[in-house]
Every structure is written in C-alpha cells, then in structure tokens.
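Structure first, commentary second.
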Amino acid sequence: MQVHLNPPLEPGSAPRHAAAIVAAAADISGAALDYSPESLSLVEEIVDGFRAEGVTAEAMAESLAAFGCYVGEVLARRSGGGWKQVPGTGATGVSLVVELPDARECDPIDWVVRRLSRGTDISIRDLCAAAERPYVAPVRRTQDAQSCD
C-alpha cells in the first residue's frame, strides 16, 4: 500500500492528518470523532462501510492512513506516547508508529488496514485498550523457582 499524503506522513504531521480526517468524517458522514476511546467504534463502522463497498486498501490508502493517524492520536493522548519514525516500512508501507512510555511500539495505521481486510476479526478498540494496559513481562521460571500454583 503506497501512501501519498501532503504533508508526508511523519511524526510531526500525524496529528494534522488526524485532524483532517476528523473534519472529513464530519462533512461526509456526520461522524463526530472526538479523540475518545468510544469514538473508535465510529472509525470501525466507517472502515466496515468501506469493506462492505468492496474498496481495496490501495484505493483508500490515504484515508486509511489518516484514520490510522486518528487512532494513533487517541492512543498517544491517552497513554502519553508519541509518534515515531521506524526504520524500513511495515506491512502497510508506512514506517510510523506510536511509541508508548514503556517503549512498546504500536502501528495504528496497520490496525485500520487490517480492519478493512479482515473485518470484525480485528478490533481497533480492543487493540487500543490492550496497548493502554501496562506491560507485564512474562514470569521466567528457573529450576530454582518455586511454583505459584
């Protein structure tokens, strides 16, 4: 998926792309995207509408990237994270992620693209909620460790 946005998709432009999709969603469908976790349901509904119409990720690349920026802004604002350019490109051809305070990296643009391709199997709301939860490293058992069972 090639994304051609102006300005280019970079950490500093992601909030502007999010704001632009907020305005576009309000104009086109009357959707009130307010950067709340609840508004992610509206994003899912809009993407599900694209899916029902049979559109492809390539045909909707810029809109999907902008919705991903919106999802990323919801996550960044709630978690205290920020946008970060990463080396290479992800599955979506975009090398932009939200880095959480605990250094985990989330790819909300990919989440939106996967929602389009896989439907309700991908829950943007659940992915955001999981990302907001504190990371707990798995317990490593050693031979000397006692069982907690």
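Residue numbers run from 1 in the order of the sequence given.
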Side-chain heavy-atom pair [X], [Y] within 4.5 angstrom cut-off:
X     : Y     : result
Val97 : Trp83 : no
Val47 : Val43 : yes
Phe50 : Leu64 : yes

Atom [atom1] of [X] and atom [atom2] of [Y]: how far apart are they, to the nearest 0.5 Å?
X      : Y      : atom1 : atom2 : result
Glu73  : Ile21  : CD    : CD1   : 13.5 Å
Arg114 : Ser123 : CZ    : OG    : 11.0 Å
Arg77  : Ser36  : CZ    : OG    : 11.0 Å
Arg133 : Cys128 : CZ    : SG    : 11.0 Å
Trp111 : Leu40  : CH2   : CG    : 9.0 Å
Leu75  : Glu99  : CG    : CD    : 11.5 Å

Closer than 3.5 angstrom, by distance alone: can the side chain of Ser13 be matched with the main-chain N or O of Glu10 as a donor-acceptor pair?
yes
Taking Arg51 for the side chain and Ser117 for the main chain, is one N or O donor matched with an acceptor at less than 3.5 Å?
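Yes, because the side chain of Arg51 sits within donor-acceptor range (under 3.5 Å) of the backbone of Ser117.
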Testing the basics here: between [X] and [Y], what is the closest heavy-atom pair and its distance to 0.1 Å?
X      : Y      : value
Arg125 : Ser41  : CD-OG, 2.9 Å
Leu96  : Val86  : N-CG2, 4.3 Å
His17  : Cys69  : CB-SG, 3.9 Å
Leu9   : Ala65  : CD2-CB, 4.2 Å
Leu33  : Val22  : O-CG1, 3.5 Å
Ala131 : Leu100 : O-CD1, 3.3 Å

Can you check side-chain contact (heavy atoms from CB on, under 4.5 Å) on Thr120 and Arg115, steps first, answer last?
CA-CA 7 Å; Thr120 57; Arg115 177 69 180 218; 3.7 Å; yes
